[in-house]
Participant: 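My questions all concern the structure below.
In what follows, chains are A, B, ... by sequence order, proteins preceding strands, each numbered from 1.
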Amino acid sequence: MEIKVENVKYSYRGCKEEILKGIDMEIEEGKIVAIVGKSGSGKTTLLEMFNALRLPKSGQIQVGDFLISRENKHLDTEQLRFQVGLLSEFPEEQFFSLTVKEELSLPLRFYNYNEQKIEERIRNVLQMVELDESYLHKNPLTLSNGEKRKLALASILILNPSLLLLDEPTIGLDYENEKSLLKLLRLLKSRYKKTILIASHDTEFIHKIVDFVYVLKDGKIYLKGNKYEVFKEEEKLKKCGVKSPKIISFSNRVWKQKGIKIGYRDEINDLIKDIYRYVR
Amino acid sequence: MFDEISPSFYNPKENILKKLNPINVTFLLFLLSICIFLNTRLWLQVFLFVGSVVLGVFCGRRGKSFIKMVKHTFFLPVSLCIFSLFSQLSLLTIVLYLLKMYSLLLLSQLYLQNMTRNSIEKTMCCFLKPLAFFKIEPCYIAKSLSLSIQFLLILYKEALRVWKAMQSRGMDFTKCSILKRIKWLKVFLLPLLFKTECSADALADSLIVKGFEQNKQEEIEPFGFIDSLVLISSLYLFLYIIVTR
C-alpha cells in the first residue's frame, strides 16, 4: 500500500499553534519507514492521520485508494481501518475483553465473520506473534508487557491490514521481547509484504529494521533519507532531540578521530568483523 | 495527573471570567441561574439567553461549543414538545422553557470551563462555612465536590480514549445501526469501567502524595474593582427580577 502525504497541517482544537506545519512524505509499498522525533513533535498525531482518527487541517494523505482530507466527505473509514491497523503506545488501551480469545475475535464478530473463519484467523495470528494457544483463555490485562504488546499486535493483524502503524512499539519491552518484535516485523515485511510505519524515538531499535527515516522537528520534516544517511548526521539529530544509534556514532567517531572508514552496520557482530578485517 | 487535568484545562485561553475572583464568578453564575429559573417574561429570558451566549462565545472554550451542545441535547426540545401535547402549553411557554434550559446548560458549561479545581474547592469551602456550626467540616465536602467535577472530566477523557481505540481497531459505531450499537455498548463500557477505576486510584494516590491531610490550597486573588461592579450589576438584575415578578 503506497502512501503519499502532501502539505499536511494540523492544530489541536482551540489551539492556534500548528503541531504539524506542512508535512510531505512518500512511502513505498512493502517498506518499513520510521518517523522519529522528540516527545511532542507530532509523531503520534501524524500516525493517527493515516488511520483517519484525525483529519488534517489542510493538505491530504493518500493511503492506497483512500484519500484522507477534510474536504473528502466520502471517505470510507470502515474500509480504511480494515486496511490500516494502528498499534497504540499503550497496548492496554486497545483491550476490551476478559480473555485473549474474545479480544482477538472482537473486530471479526463486529463484522459478522463466521466461527470457523474466526478460529482460523486466531490460530494464524497467534502463530505470527509467537503466542501459543494456552494464552487464549487468559485475561489480557494479566499478561506481561511483552505479551500485551504481542497480543495488541495480533488484535491488529487479525483484520489482515496492508499498512501497520506502530506508535512507540518498544516502550516497556525488555531485550528478549524487543528481539522477538524485531523478528516479527521482519517477517511481516518479507513474508506478508506489509508496509510498516513506526513512530518512535528509540533510534537503537529503529536503526535495526527500517529502510527509510523521517525526522520531525517543530512540526516539519527536518531530515529524511535512508537510515544511514539520516543517522550519521549526529549534530542535526541532536538538534531534534534525537540520539544517533550507538553503532553509527562509533563508526562516525572512528572515522573522525582515526580517519578509518569502517562503514555503517546494523548489527554489532558485522561491525566487529569489519574491524577485524581492517586490523588484519 | 492531579495538576494536569482540572476543569479549566480544556479552556486555556484568558478571559474576563478568569480574571474575576472565583467566589464572585460562582456567586454571579449562581445568581444568573436563579434569575433564569425565576423569570417568567419572554423578552427578559431572550435577553438572559443572549447574555449567556455572548458570555459563552467570549469566555467559553470555543464559540462553536454552544452549537455543539444544542446538537447533543436535541432530546430536550423534543421531550418538551411531547410534554406540551399533554399539558396544553402555549408555544411561547415552550420557547421560554427552552431558553431557560439552554441558558442554564450554557452557564454550567461556562462555570466548569473557567474554574480550576482549587478555585472551586476554595469557593465551595467559603459558601459552606455555615456548616461548621453543625460540626460538619466544610473543606472536606468542598474537596469531594471539586474532585467529583474533576473526575467527570477524567471519565470524559477516558471515554474518548476508549472510543478512539475501538475506532483504530476498525469498530466504528458511528456507522452501524442503533441495535448494533446497543449490543456492542458493553464492549465500550467494560474497559471504561476498568480505566476509570484506575484513574480514581491514581487521583486518590496523588491526593495523598500532595498532602491532602495538610489541606493545601491555592491563594485566591482579592476582590477588585471589576469584581464589585459585576457583583452589584448581577445583584441589581436579581432584585429586579424578584421585585417585578
Participant: For the candidates A:Ile158, A:Leu159, A:Leu165, A:Leu106, which exhibits the highest count of non-hydrogen atom pairs separated by less than 4.5 Å from chain B?
Facilitator: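 Of A:Ile158, A:Leu159, A:Leu165, A:Leu106, A:Leu106 has the most heavy-atom pairs under 4.5 Å with chain B.
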Participant: Got a sec: does the NZ of A:Lys138 have more than 12 other heavy atoms crowding it under 6.0 Å?
Facilitator: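 Check passes, neighbour count above 12.
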Participant: Flag the pair A:Phe110 / B:Arg169 as yes when at least one side-chain heavy-atom distance between them is below 4.5 Å, and no otherwise.
Facilitator: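 A:Phe110 vs B:Arg169: side chains apart.
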Participant: Side chain to side chain contact (heavy atoms under 4.5 Å, CB included) for B:Arg161 and A:Phe90? Distances and angles first, verdict last.
Facilitator: CA-CA 11 Å; B:Arg161 207 175 274 178; A:Phe90 306 103; 6.0 Å; no
Participant: Using a 6.0 Å cut-off, check whether atom CZ of B:Phe47 has over 12 heavy atoms from anything other than its own residue.
Facilitator: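 No, not enclosed.
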Participant: Can you name the salt bridge (Lys or Arg N to Asp or Glu O under 4.0 Å) partners of A:Glu147, sequence neighbours left out?
Facilitator: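 Counting only residues at least two positions away or on another chain, A:Glu147 forms no salt bridge (Lys or Arg N to Asp or Glu O under 4.0 Å).
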Participant: With a 4.5 angstrom heavy-atom cut-off, could you sort out which part of A:Phe96 is near chain B: side chain, backbone, both or neither?
Facilitator: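 Looking at A:Phe96, backbone and side chain both touch chain B.
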Participant: A quick test of your reading: do over 12 heavy atoms of other residues, nucleotides or ligands sit less than 6.0 Å from CG of B:Leu193?
Facilitator: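 Yes, CG of B:Leu193 has more than 12 neighbouring heavy atoms, counting only those of other groups under 6.0 Å.
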Participant: Any idea which of A:Ser97, A:Pro161, A:Gly85, A:Ser155 has the most non-hydrogen atom pairs under 4.5 angstrom with chain B?
Facilitator: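 Answer, by heavy-atom pair count under 4.5 Å with chain B: A:Ser155.
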Participant: Only distances under 3.5 Å count here; give the side-chain donor-acceptor pairs of residues 45-62 of chain A to other protein atoms, sequence neighbours excluded, each with its distance to 0.1 Å.
Facilitator:
unit_1, atom_1, unit_2, atom_2, d
A:Thr45, OG1, A:Tyr12, OH, 2.7
A:Glu48, OE1, A:Arg54, NE, 2.6
A:Glu48, OE1, A:Arg54, NH2, 3.4
A:Glu48, OE1, B:Lys164, NZ, 3.1
A:Glu48, OE2, B:Lys164, NZ, 3.0
A:Arg54, NH1, A:Tyr10, OH, 3.1
A:Gln62, NE2, A:Gly64, O, 3.0

Participant: Contact part of A:Gln83 toward chain B, heavy-atom cut-off under 4.5 Å: side chain, backbone, both or neither?
Facilitator: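 The answer is neither part of A:Gln83.
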